[in-house]
S.K.: 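Quick one: structure below, then a few questions.
Note on naming: letters A, B, ... go to the chains in the order of the sequence lines (proteins, then strands), and numbering restarts at 1 for each one.
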Amino acid sequence: MLPIQLFRQNKELILNGIAKKNFKGAELVDKVIALDEERRRLQAENDALAATANLAAKNIGKLLSEGKKQEAELLKTEVAANKDKAKDIALLINEAEAELHATVVKFPNLPHSSVPFGKTPEENEVVRSGGVKPDLSAQKQPHWELTEKYGLIDFELGNKLTGSGFPVYVGQGAKLQRALINFFLTYNIDAGYKEYYPPYMVNEATAYGTGQLPDKEAQMYQTKEEGFYLIPTAEVPVTNVYRDTIVADNNLPVKMTAYTPCFRREAGSYGKDVRGLNRVHQFDKVEIVQLAHPDNSYDILENMVLHVEKLIQLLGLPYRILRLCGGDMSFASALTYDFEIYSAGQDRWLEVSSVSNFETFQSNRMKIRYKDENGKTQLVHTLNGSSLALPRIMAGIIENYQTPEGIRIPGALQPYFGKDIIN
RNA sequence: GGAGAAUUGGGGGAGUGGUUUAACCCACAGAUUUGCUAAAUCUGCGCACCUCAAAAAGGUGCCACUGGUUCGAAUCCAGUAUUCUCCGCCA
């Protein structure tokens with residue numbers, strides 16, 4: 001959520017920012033400013049009334065203790081007249097606040113100055129790429145053929161048990177999944193991230209904190225009785241660990257990592273884009289989250305990018321890093337780098353990680369703060385990234401490492417998998 | 001699932017309708033003094049919003065949460081959440 005003060009102080013900044021992000025709602029800016037003025041006016045009025053009432057109540061108490069009962073009764077009737085007025089104003093304040101809030105949360109985060117202009121994924125900027133595309137000559141197959149051939153994933157069984165988009169990993173496929181999770185977590189923990197194992201369901205306040213609510217409700221599965229949301233990413237519970245807290249600034253940055261399944265009800269889409277592991281409703285992911293001081297959050301973002309890049313390099317997958325253009329960025333992000341690996345069996349790029357700085361957009365909702373050198377409370381910057389999302393990494397390994405003898409296992413993963421080939 | 005009890009600031013903890021402006025202790029920060037792996041004394045010590053160009057100052061709200069009763073609520077009432085104890089059920 002954008003801070004309301006920003007609307008008062010720097011309207012131009014907001015107008016420019018939302019234009020870059022391709023958000024159509026310039027007229028809402030003036031609405032926010034008007035509602036904010038209304039709210040403040042009402043509050044000043046309300047406070048004055050309350051101050052009078054408080055004083056009167058105190059005087060009544062004093063009169064009663066002095067035994068002046070009649071005078072006290074007289075004062076009571078005077079005060080009662082103000083009560084209705086105060087009640088009306090309180091009601092108006094609630095209305096104004098609710099509408100103000102509902103309007104402000106519609107605004108996306110403002111993009112960082114380095115974010116390229118653009119509306120579509122084609123306008124994302126390739127920052128750099130690495131790794132070598134394998135030469136598979138004529139024998140290349142997509143992962144859904146290979147997983148069937150080696151009995152690693154049973155998509156049909158998933159259809160039977162649940163529905164489409166819920167693959168069942170079997171035998172060495174399940175083991176590969178487990179090895180990847182373990183490898184990723186160990187790599188993150190070695191880099192100083194503290195491991196969390198959070199709930200897979202969250203309440204409304206938590207889903208609101210990271211920006212899933214109110215607008216992205218349709219993306220999440222929800223339990224019928226309790227109304228809990230199944231997490232679409234570990235970012236949701238993990239970032240909320242620090243909701244409503246003030247972190248000592250010498251404890252920044254806070255580094256957290258978690259493995260969780262992720263549940264997403266995506267809008268219907270068919271064909272090769274969603275074939276196999278390319279897009280599923282339940283998948284595993286290891287996430288990294290940091291809470292950072294605003295002064296160095298962009299250095300930290302670059303560090304997180306290097307961290308993820310190294311991990312992909314360890315797996316020996318060809319990759320590229322994109323800086324997303326304004327129109328392709330997520331609602332809450334100020335700057336996002338996407339990682340894509342080249343999937344040789346399909347001859348296409350697959351997104352495996354997204355690393356973002358949200359600045360104060362999430363912390364303003366969650367009230368995650370620190371004390372600055374003057375003792376003033378300030379909002380922290382929140383950042384997160386995938387390290388990594390499992391299914392597409394699995395697809396990439398299976399396709400890029402396919403050989404006539406079987407699927408080779410990248411060297412760095414072998415200690416976790418226990419052997420060097422699937423055949 | 002049933003019955004009972006509880007929830008106060010960073011921690012402990014007092015407070016059962018009106019000089020409580022939430023006592024007191026600890027922790028923490030600053031100053032002073034004595035001096036040296038510290039102690040004593042004094043002062044300060046939460047969050048949010050509003051008035052104000054800002055600072056200073058003042059106002060309002062916050063005792064788990066949401067409402068209610070009252071001129072006045074940490075205190076009384078109702079609902080919700082969480083924790084503890086006992087019973088039941090259970091991997």
S.K.: Is the shortest side-chain N to carboxylate O distance from A:R40 to A:E37 below 4.0 Å?
M.R.: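 A salt bridge is absent here (no side-chain N lies under 4.0 Å from a carboxylate O).
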S.K.: Grab the N/O contacts between the protein and nucleotides 75-80 of chain B below 3.5 Å, and write none if there aren't any.
M.R.:
none

S.K.: With a cut-off of 6.0 Å (strictly less than), are more than 12 heavy atoms of other residues, nucleotides or ligands near CD of A:Q378?
M.R.: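 Yes - once you tally the heavy atoms of other residues, nucleotides and ligands closer than 6.0 Å, there are more than 12.
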S.K.: Picking from B:C47, B:U51, B:G18, which would you name as closest to the side chain of A:I60?
M.R.: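 Given the options B:C47, B:U51, B:G18, the side chain of A:I60 is closest to B:G18.
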S.K.: Which one, B:C71, B:A48, B:C50, comes nearest to the side chain of A:R40?
M.R.: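 Of the candidates, B:C50 comes closest.
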S.K.: I'd like the P distance from B:G10 over to B:A6, given in whole Å.
M.R.: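 To the nearest whole Å, 24 Å.
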S.K.: Under 4.0 Å, heavy atoms only, any strand: does A:R41 hit a base, just the sugar-phosphate, or nothing?
M.R.: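 No contact.
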S.K.: So does A:K376 have more than 12 non-hydrogen atoms from other groups sitting under 6.0 Å from NZ?
M.R.: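 No, the 6.0 Å shell around NZ holds no more than 12 heavy atoms from other groups.
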S.K.: Sequence neighbours left out, what passes ring-ring contact (aromatic ring centres under 6.0 Å, His included) with A:F331? Give chain and number order.
M.R.: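 Counting only residues at least two positions away or on another chain, A:F331 forms a ring-ring contact (aromatic ring centres under 6.0 Å, His included) with A:F361.
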S.K.: Could you spell out the base pairing of RNA chain B in dot-bracket, with Watson-Crick or G-U pairs whose two distances are under 3.5 Å, [ ] crossing and | to another strand?
M.R.: ((((((((.[[[..)..(.....]]].(((((((...))))))).((((((.....)))))).[[[[[..)....]]]]])))))))....
S.K.: Could you measure between the two P atoms, the one in B:A78 and the one in B:A91, and give it in whole Å?
M.R.: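 One P to the other, the span is 38 Å.
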S.K.: Sticking with atom P, work out how far B:C24 lies from B:G46, rounded to a whole angstrom.
M.R.: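 One P to the other, the span is 15 Å.
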S.K.: Flag the pair A:K160 and A:E156 as a salt bridge only when some basic side-chain nitrogen lies within less than 4.0 angstrom of an acidic carboxylate oxygen.
M.R.: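 No salt bridge links A:K160 with A:E156.
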S.K.: Of the nucleotides B:C71, B:U60, B:C49, which one has an atom closest to the side chain of A:K76?
M.R.: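 Among the listed nucleotides, the one closest to the side chain of A:K76 is B:C71.
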S.K.: Examine A:R264 relative to A:F283 and say whether NZ or CZ is less than 6.0 Å from the centre of the six-membered ring and inside a 45° cone about the ring axis.
M.R.: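 The answer is no; the distance or angle limit is not met.
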S.K.: Using the P atoms only, state how far B:C52 lies from B:U43, rounded to an integer number of Å.
M.R.: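 B:U43 and B:C52 have their P atoms separated by 35 Å.
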S.K.: When you compare the protein's N or O atoms with those of nucleotides 64-66 of chain B, which come within less than 3.5 Å of each other, and at what distance?
M.R.:
none

S.K.: Which donor-acceptor pairs under 3.5 Å do side chains of residues 390-400 of chain A form with protein atoms, sequence neighbours excluded?
M.R.:
residue, atom, partner, partner atom, Å
A:R392, NE, A:N278, O, 2.8
A:R392, NH1, A:E351, O, 2.8
A:R392, NH2, A:N278, O, 2.9
A:E399, OE1, A:S343, OG, 2.7
A:E399, OE1, A:G345, N, 2.8
A:E399, OE1, A:Q346, N, 3.0
A:E399, OE2, A:H143, N, 2.8
A:E399, OE2, A:H143, ND1, 2.7
A:E399, OE2, A:Q346, NE2, 3.1
A:N400, OD1, A:A344, N, 2.9
A:N400, ND2, A:Y342, O, 3.0

S.K.: Distance check, C1' atoms only: B:U8 and B:A64, in whole angstrom units.
M.R.: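 The answer is 10 Å between these two C1' atoms.
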S.K.: When we call it a touch if two heavy atoms are under 4.0 Å apart, what does A:T377 touch: a base, just sugar-phosphate, or nothing?
M.R.: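 Here A:T377 touches the backbone only, sparing every base.
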S.K.: What integer distance in Å separates A:N364:CG from B:C47:P?
M.R.: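 Those two atoms, CG and P, are 17 Å apart.
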S.K.: Would you mind checking if A:D36 and A:R39 are paired as a salt bridge, meaning a charged N to carboxylate O distance below 4.0 Å?
M.R.: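 A salt bridge links A:R39 with A:D36.
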S.K.: Roughly how many Å apart are B:A29 and B:U82, using the P atom of each and rounding to a whole number?
M.R.: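 Rounded to whole Å, the distance is 37 Å.
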S.K.: Say we look at B:U19 and B:G4: how far apart would their C1' atoms be, to the nearest angstrom?
M.R.: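 About 38 Å, rounded to a whole number of Å.
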S.K.: Expressed in whole Å, how much space separates the C1' atoms belonging to B:G79 and B:U60?
M.R.: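 Approximately 27 Å lies between the C1' atom of B:G79 and that of B:U60.
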S.K.: So that I can tick it off, tell me whether A:D30 and A:K11 are bridged by a salt bridge, with the cut-off set at under 4.0 angstrom between side-chain N and carboxylate O.
M.R.: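 Salt bridge: yes.
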S.K.: Can you pull every protein N or O that's under 3.5 Å from an N or O on nucleotides 57-59 of chain B?
M.R.:
residue, atom, partner, partner atom, Å
B:G59, N2, A:D47, OD2, 2.9

S.K.: Check every strand shown and say whether A:A56 touches a base, only sugar-phosphate, or nothing at a heavy-atom separation below 4.0 Å.
M.R.: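 If one applies the 4.0 Å heavy-atom cut-off, A:A56 turns out to touch nothing in the nucleic acid.
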